[in-house]
Amino acid sequence: MTWDATDFAILRALGADATLSAGALGRDLGLSQPATWRRIKRLQDEGVLAGRRVDLDAEALGFGVTVFLGVKLATKGRVSLEDFERAVTAIPEVQTVQHVLGLYDYRLRVVARDLSDFERVLRRRIMTLPGAGDVEANVLLSEERLAGPL
């Protein structure tokens with residue numbers, strides 16, 4: 001897997017705007033549409049370009065609160081990680097599930113309409129998960145840097 005400056009330019013451009021067509025991207029880079037498409041396809045096949053996504057504005061959609069939760073499993077060995085992961089990923093308010101090393105076993109990003117909605121999600125959904133134990137919540141106040149290109 002060898003990438004050149006053009007491949008990195010494609011990755012930077014798609015990282016900034018994943019909706020760019022191969023034709024538009026090729027025009028910006030001085031390549032034909034077919035040549036650009038072949039490079040994009042190769043980057044996908046090699047696993048470098050893992051997909052494209054649309055970033056939705058949670059607040060504009062009515063989700064005004066974002067909370068990061070540290071979750072420690074209460075009964076290690078009695079509840080499988082797969083059981084916990086399967087159950088937690090089924091909760092629509094849970095945006096990300098990260099299995100981590102440290103004080104907590106999982107880090108979750110949870111969105112809610114407001115704090116009372118978050119409390120409902122925490123009490124009725126997250127705290128009832130198989131193996132859920134200690135939980136630490138951190139409410140997001142502001143986000144200064146959004147995810148961008150590597």
Side-chain angles (χ1 to χ4, degrees), residues 1-22 24-25 28-29 36-37 39-150:
M1 292 187 234
T2 305
W3 307 296
D4 61 17
T6 303
D7 293 321
F8 286 111
I10 289 170
L11 293 172
R12 273 191 303 279
L14 289 175
D17 182 359
T19 66
L20 286 173
S21 68
L25 188 52
D28 291 344
L29 299 176
T36 306
W37 184 86
R39 283 179 176 260
I40 291 170
K41 177 78 170 111
R42 181 175 49 85
L43 290 167
Q44 288 172 333
D45 291 345
E46 292 174 354
V48 176
L49 194 56
R52 298 185 194 196
R53 62 176 227 188
V54 174
D55 289 324
L56 302 175
D57 185 326
E59 193 169 346
L61 292 169
F63 296 97
V65 173
T66 299
V67 180
F68 295 98
L69 288 180
V71 179
K72 187 172 199 139
L73 297 182
T75 53
K76 288 185 182 177
R78 293 192 343 202
V79 173
S80 75
L81 298 177
E82 293 81 15
D83 290 342
F84 177 83
E85 290 170 7
R86 188 177 312 106
V88 76
T89 56
I91 300 171
E93 293 88 354
V94 176
Q95 300 296 293
T96 59
V97 178
Q98 299 168 324
H99 187 202
V100 296
L101 181 63
L103 182 60
Y104 293 96
D105 298 308
Y106 286 90
R107 183 172 179 263
L108 312 178
R109 182 181 178 120
V110 180
V111 296
R113 299 196 181 288
D114 52 33
L115 285 175
S116 63
D117 186 40
F118 168 71
E119 182 181 11
R120 178 191 58 78
V121 171
L122 179 64
R123 285 182 180 216
R124 294 186 186 165
R125 294 186 175 190
I126 294 171
M127 295 307 296
T128 62
L129 292 172
D134 294 338
V135 174
E136 179 182 273
N138 293 286
V139 177
L140 177 68
L141 298 177
S142 65
E143 194 165 34
E144 304 305 323
R145 184 169 196 277
L146 299 177
L150 293 176

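Computation of the quantities below employed the complete heavy-atom set of this structure, encompassing side-chain atoms and omitting hydrogens, waters and symmetry-equivalent molecules.
Distance check, rounded to the nearest 0.5 Å: OG1 of Thr66 to CG of Asn138 gives 12.5 Å.
Checked against side chain to side chain contact (heavy atoms under 4.5 Å, CB included), Ala22 has the following partners two or more places apart in sequence or in another chain: Gln33, Thr36, Trp37, Ile40. Partners of Ser142 under the side-chain hydrogen bond (donor to acceptor under 3.5 Å, both in side chains) rule, at least two apart in sequence or in another chain, are Glu144. For the side-chain hydrogen bond (donor to acceptor under 3.5 Å, both in side chains) test, no residue two or more places apart in sequence or in another chain qualifies with Gln95. With sequence neighbours excluded, no residue forms a salt bridge (Lys or Arg N to Asp or Glu O under 4.0 Å) with Asp57. Under the side-chain hydrogen bond (donor to acceptor under 3.5 Å, both in side chains) criterion, Thr128 pairs with no residue, sequence neighbours left out. Partners of Arg86 by side-chain hydrogen bond (donor to acceptor under 3.5 Å, both in side chains), not counting sequence neighbours, listed by chain and number: Asp83. Take Ala18 and apply the side chain to side chain contact (heavy atoms under 4.5 Å, CB included) test, not counting sequence neighbours, and it matches Arg52. Applying the salt bridge (Lys or Arg N to Asp or Glu O under 4.0 Å) criterion to Glu119, with sequence neighbours excluded, gives Arg123. In this structure Arg120 satisfies the salt bridge (Lys or Arg N to Asp or Glu O under 4.0 Å) test together with Glu93, Asp117, sequence neighbours excluded.
At a threshold of 4.0 Å, the pair Arg39-Asp4 counts as salt-bridged, since one of the basic side-chain nitrogens sits closer than that to a carboxylate oxygen.
Applying the ring-ring contact (aromatic ring centres under 6.0 Å, His included) test to every pair with at least one member in residues 106-129, sequence neighbours left out, gives these pairs: Phe84-Tyr106, His99-Tyr106. Residue pairs meeting the ring-ring contact (aromatic ring centres under 6.0 Å, His included) criterion with at least one member in residues 43-71, sequence neighbours excluded, do not occur.
Proximity of a side-chain donor or acceptor of Asp134 to a complementary backbone N or O of Lys72 within less than 3.5 Å is not detected.
In this structure, the side chains of Leu56 and Leu61 come closer than 4.5 Å at one or more pairs of heavy atoms. Considering only heavy atoms from C-beta on, Leu20 comes within 4.5 Å of Leu14 through its side chain.
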I'd like a table of donor-acceptor pairs (distance under 3.5 Å, sequence neighbours excluded) in which one partner is a side-chain atom from residues 41-48, with atom names and distances.
unit_1 : atom_1 : unit_2 : atom_2 : d
Lys41  : NZ     : Asp45  : OD1    : 2.9
Arg42  : NH2    : Asp7   : OD1    : 2.8
Arg42  : NH2    : Asp7   : OD2    : 2.9
Glu46  : OE1    : Trp3   : NE1    : 2.8

